Trainee: 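If you scroll down you'll find the structure; I have some questions about it.
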Amino acid sequence: MESTPEGVSDGVKRVVTRAKNGQWVNEVEGAPDLSRSYSSRDEAIEEADALAQVHGVTHVVQDSEPTGTITDGGGPDDDVAVVGEKPLTGAGTDTTDENGFPLENPSG
């Protein structure tokens with residue numbers, strides 16, 4: 001499904017709606033700060049159509065079956081910590097043990 005509206009792109013090349021990690025995302029090529037995620041396919045498509053029309057670009061929907069599950073995490077190369085990982089800060093005192101349980105209060 002594609003729609004090509006009229007207008008000016010403002011750096012936006014196209015808007016792609018697709019399923020990702022149990023959500024529907026609108027990825028805005030050329031302006032990633034405008035990309036958003038939605039819990040429903042219909043909401044994502046409606047918003048992407050409007051955004052594409054404003055910027056005068058094509059909106060493409062990549063059909064796929066939603067999993068119905070919203071997941072945390074990402075790829076191993078992602079900079080964002082995945083659930084279960086602990087970012088290395090090198091400062092401060094740990095407040096949880098290796099299982100994530102609180103330690104005794106170090107301040108008394």
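Note that the structure is a prediction, hence the values are computed from the model and not measured. When reading the values below, keep in mind they use all heavy atoms of this one structure, side chains included, and skip hydrogens, waters and symmetry mates.
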Trainee: Partners of Arg36 by salt bridge (Lys or Arg N to Asp or Glu O under 4.0 Å), sequence neighbours excluded?
Mentor: none

Trainee: With sequence neighbours excluded, what pairs up with Glu29 under the side-chain hydrogen bond (donor to acceptor under 3.5 Å, both in side chains) test?
Mentor: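 Applying side-chain hydrogen bond (donor to acceptor under 3.5 Å, both in side chains) to Glu29 gives Arg14.
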
Trainee: With sequence neighbours left out, what residues match Glu43 under salt bridge (Lys or Arg N to Asp or Glu O under 4.0 Å)?
Mentor: none

Trainee: For Glu47 and Thr17, run side chain to side chain contact (heavy atoms under 4.5 Å, CB included): C-alpha distance rounded to whole Å, both residues' side-chain angles, the deciding distance at 0.1 Å, then the answer.
Mentor: CA-CA 10 Å; Glu47 293 293 325; Thr17 300; over 6 Å; no

Trainee: Quick check on side-chain contact (heavy atoms from CB on, under 4.5 Å): which of Leu51, Thr58, Val61 does Val15 satisfy it with?
Mentor: Leu51

Trainee: Looking only at heavy atoms, what is the nearest atom pair of Ser39 and Trp24, with distance?
Mentor: O-CD1, 4.4 Å

Trainee: Among all residues two or more places apart in sequence or in another chain, which pass the side chain to side chain contact (heavy atoms under 4.5 Å, CB included) test with Ala31?
Mentor: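 Checked Ala31 against side chain to side chain contact (heavy atoms under 4.5 Å, CB included); matches are Val12, Val28, Asp33, Leu34.
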
Trainee: Run the side-chain hydrogen bond (donor to acceptor under 3.5 Å, both in side chains) test against Glu27 and tell me which residues pass, sequence neighbours left out.
Mentor: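 Scan of Glu27 (side-chain hydrogen bond (donor to acceptor under 3.5 Å, both in side chains), adjacent residues dropped) gives Arg18.
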
Trainee: Let me see the working for Ile45 and His59 under side chain to side chain contact (heavy atoms under 4.5 Å, CB included), right down to the final yes or no.
Mentor: CA-CA 9 Å; Ile45 290 173; His59 173 215; 4.0 Å; yes

